[in-house]
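In what follows, every heavy atom counts, from backbone to side chain, and hydrogens, waters and symmetry copies are set aside. The structure presented is a predicted model; accordingly, all values stated were derived computationally and were not measured.
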Amino acid sequence: MKNFEDKVVVITGAGAGIGRALALELACHGARLALSGRNLANVSETAALCEQEGAKARAYRLDVTDRAAVYAHADEVRSDFGPANLVVNNAGVSLTATVEELSWDDFEWIVGINFWGVMYGTKAFLPQVIASGAGHIANVSSMFGLAACPSQSAYNATKFGIRGFTDALRQEMRIAGHPVGVSSVHPGMIKTDIAWKARAGGDRDRDALAANFDRLAKTTPESAAKTILRGIRKDKAKILIGADARVIDLLPRIFGSGYQKIITAQMKNEV
């Protein structure tokens, strides 16, 4: 996919952050936008901003953990726009807790959104993307889908899972000869409100964790959106966003499993 003009683009988690920034960037490139999220008011605001740029955009309320709803959404998008060309499975949440602290409720919550949401979105839209004749699927993982980090076990599990699933899908599309590019997207710490919507296990102070995240996050959603679209144009298998993601990507490649000693030393006082 070399350009986005008149392409039908589906973005989950489009009410804020990377999802909204992607929608606005694509609006400037003439894409037609099917935007979804749990908070319809926020997604409607994104759609309105895109329309100000001259794009056709529609907002949908969607719970990505509901498989039937995601499949119904795919049918609705086809009816409203025609077959989807580009699907960005972006919806995601964060959770800080050690395995000992982790409750089953929190574990199922994060797996439902981060992992199953991506699986449902990919499976529901894949026939359309193949049929479009010029398609791409971009699944948003994380820098913690490249290396593990203490207190992020559940988050790591979902993001490593996305990476493996997406890499396998890319290979399958090539073997089948389908005109579909596939990318695994690995953001570092992005200046969004994800940390303020996160959950925290044990007696952790969620607001203090979020404030620390804000202090460390250096990459803007707008910069992340531009990087993602460049990666899609180049059909990159792995799209790294931010210097922190590039460093995390290098650690296991240079040190093998020894990278864990480095991260453990850095995080020892944070767990």
Using distance alone, with no hydrogens and no angle criterion, decide if Thr46 and Arg20 have a side-chain donor and acceptor under 3.5 Å apart. yes

Is Leu146 reachable from Phe165 through a run of hydrophobic residues whose side-chain heavy atoms are each under 4.5 Å from the next? yes

What's the separation between atom CD1 in Ile137 and atom CG in Leu169, rounded to the nearest 0.5 Å? 5.5 Å

Applying side chain to side chain contact (heavy atoms under 4.5 Å, CB included), run through Arg58 and Phe81 and close with a yes or a no. CA-CA 10 Å; Arg58 180 168 177 178; Phe81 290 91; 4.0 Å; yes

Taken to the nearest 0.5 Å, the spacing of Arg204 CZ from Leu95 CG works out to 9.5 Å

Is there side-chain contact between Leu86 and Lys7, with at least one heavy-atom pair below 4.5 Å? no

For Arg206, I'd like to know if atom CZ has over 12 heavy atoms of other residues, nucleotides or ligands within 6.0 Å. yes

Tell me if the CZ atom of Arg233 is crowded by more than 12 foreign heavy atoms within 6.0 Å. yes

Kindly work out whether a path of hydrophobic side-chain contacts (I/L/V/M/F/W/Y, heavy atoms less than 4.5 Å apart) joins Ile113 to Val88. no

Can you tell me if NZ on Lys238 sees more than 12 non-hydrogen neighbours from other groups inside 6.0 Å? yes

Can you tell if the side chain of Thr219 reaches within under 4.5 Å of the side chain of Thr227, non-hydrogen atoms only? no

Do Lys56 side-chain atoms and Arg32 backbone N/O form a donor-acceptor pair below 3.5 Å? no

Side-chain heavy atoms under 4.5 angstrom apart, residues restricted to Ile, Leu, Val, Met, Phe, Trp, Tyr: same cluster for Val180 and Val10? yes

Output the distance between atom OG (Ser223) and atom CD1 (Ile18), rounded to the nearest 0.5 Å. 10.0 Å

Heavy-atom side-chain proximity of Pro150 to Ile263 below 4.5 angstrom: yes

Report yes if some heavy atom in the side chain of Val70 is under 4.5 Å from a heavy atom in the side chain of Met119; otherwise report no. no

Show your working on side chain to side chain donor-acceptor pair (under 3.5 Å) between Thr122 and Asn89 and close with a plain yes or no. CA-CA 7 Å; Thr122 300; Asn89 289 303; 3.3 Å; yes

Hey, does the side chain of Asn139 reach the backbone of Ser184 with a donor-acceptor pair shorter than 3.5 angstrom? no

Are any non-hydrogen side-chain atoms of His136 and Val182 less than 4.5 angstrom apart? no

Trp109, CH2: over 12 other non-hydrogen atoms inside 6.0 angstrom: yes

Please report the shortest heavy-atom distance between Tyr259 and Ala147, naming the atom on each side. CE1-CB, 3.5 Å

Looking at Ala138 and Ile232, what are the two nearest heavy atoms and their distance? CB-CD1, 4.2 Å

Going from CG on Asp75 to CZ on Phe125, what distance comes out if it is rounded to the nearest 0.5 angstrom? 8.5 Å

Looking only at non-hydrogen atoms, find the nearest pair between Leu35 and Ala57 and report the distance. CD1-CB, 4.4 Å

Going through the distances and angles, do Phe144 and Asn156 end up as a side chain to side chain contact (heavy atoms under 4.5 Å, CB included)? CA-CA 6 Å; Phe144 289 151; Asn156 282 138; 3.2 Å; yes

Write down the atom of Ala84, the atom of Ser132, and the distance for their closest heavy-atom approach. O-CB, 3.6 Å

Checking Lys159 side chain against Val140 main chain: does a donor-acceptor pair fall under 3.5 Å? yes

Closest heavy-atom contact between Val99 and Ser153? CG2-OG, 3.4 Å

Counting N and O atoms only, with roles assigned by atom type, does the side chain of Asn90 sit under 3.5 Å from a partner on the main chain of Ile11, one being a donor and the other an acceptor? no

Starting from the C-alpha separation in whole Å, work towards a yes-or-no answer on side chain to side chain contact (heavy atoms under 4.5 Å, CB included) for Asn85 and Val9. CA-CA 6 Å; Asn85 296 97; Val9 180; 5.9 Å; no

Would you give the length of the straight line joining atom CE of Met1 to atom OG of Ser183, rounded to the nearest 0.5 angstrom? 10.5 Å

With distance as the sole test, does Asn39 use its side chain to make a donor-acceptor pair with the main-chain N or O of Gly15 at under 3.5 Å? no

Glu25 side-chain N/O to Leu229 backbone N/O, donor-acceptor pair under 3.5 Å: no

Distance col, row Leu24:CG vs Leu49:CG, nearest 0.5 angstrom, shows 5.5 Å

Take Val43 and Tyr60 through the side chain to side chain contact (heavy atoms under 4.5 Å, CB included) test and state the conclusion after the steps. CA-CA 7 Å; Val43 182; Tyr60 304 82; over 6 Å; no

Do Leu240 and Val185 belong to the same hydrophobic cluster, where Ile, Leu, Val, Met, Phe, Trp and Tyr are linked whenever their side-chain heavy atoms lie under 4.5 Å apart, directly or via other members? no

With the threshold set at 4.0 Å, does a side-chain nitrogen-carboxylate oxygen contact exist between Arg170 and Asp235? yes

In this structure, would Met143 and Phe255 fall into the same cluster of hydrophobic residues linked by side-chain contacts under 4.5 Å? yes

Could you check if a side-chain atom of Asp105 sits within less than 4.5 angstrom of a side-chain atom of Arg199, using non-hydrogen atoms only? yes

On a heavy-atom basis, which atom in Leu26 and which in Phe4 lie closest, and how many Å separate them? CD2-CG, 3.6 Å

Below 4.5 Å, heavy atoms only, C-beta onward: do His186 and Arg163 meet side chain to side chain? yes

Judged by atom type as modelled, is there a donor-acceptor pair below 3.5 Å linking the side chain of Ser151 to the main-chain atoms of Thr98? no

Sub-4.5 Å side-chain heavy-atom contact between Ser36 and Thr12: yes

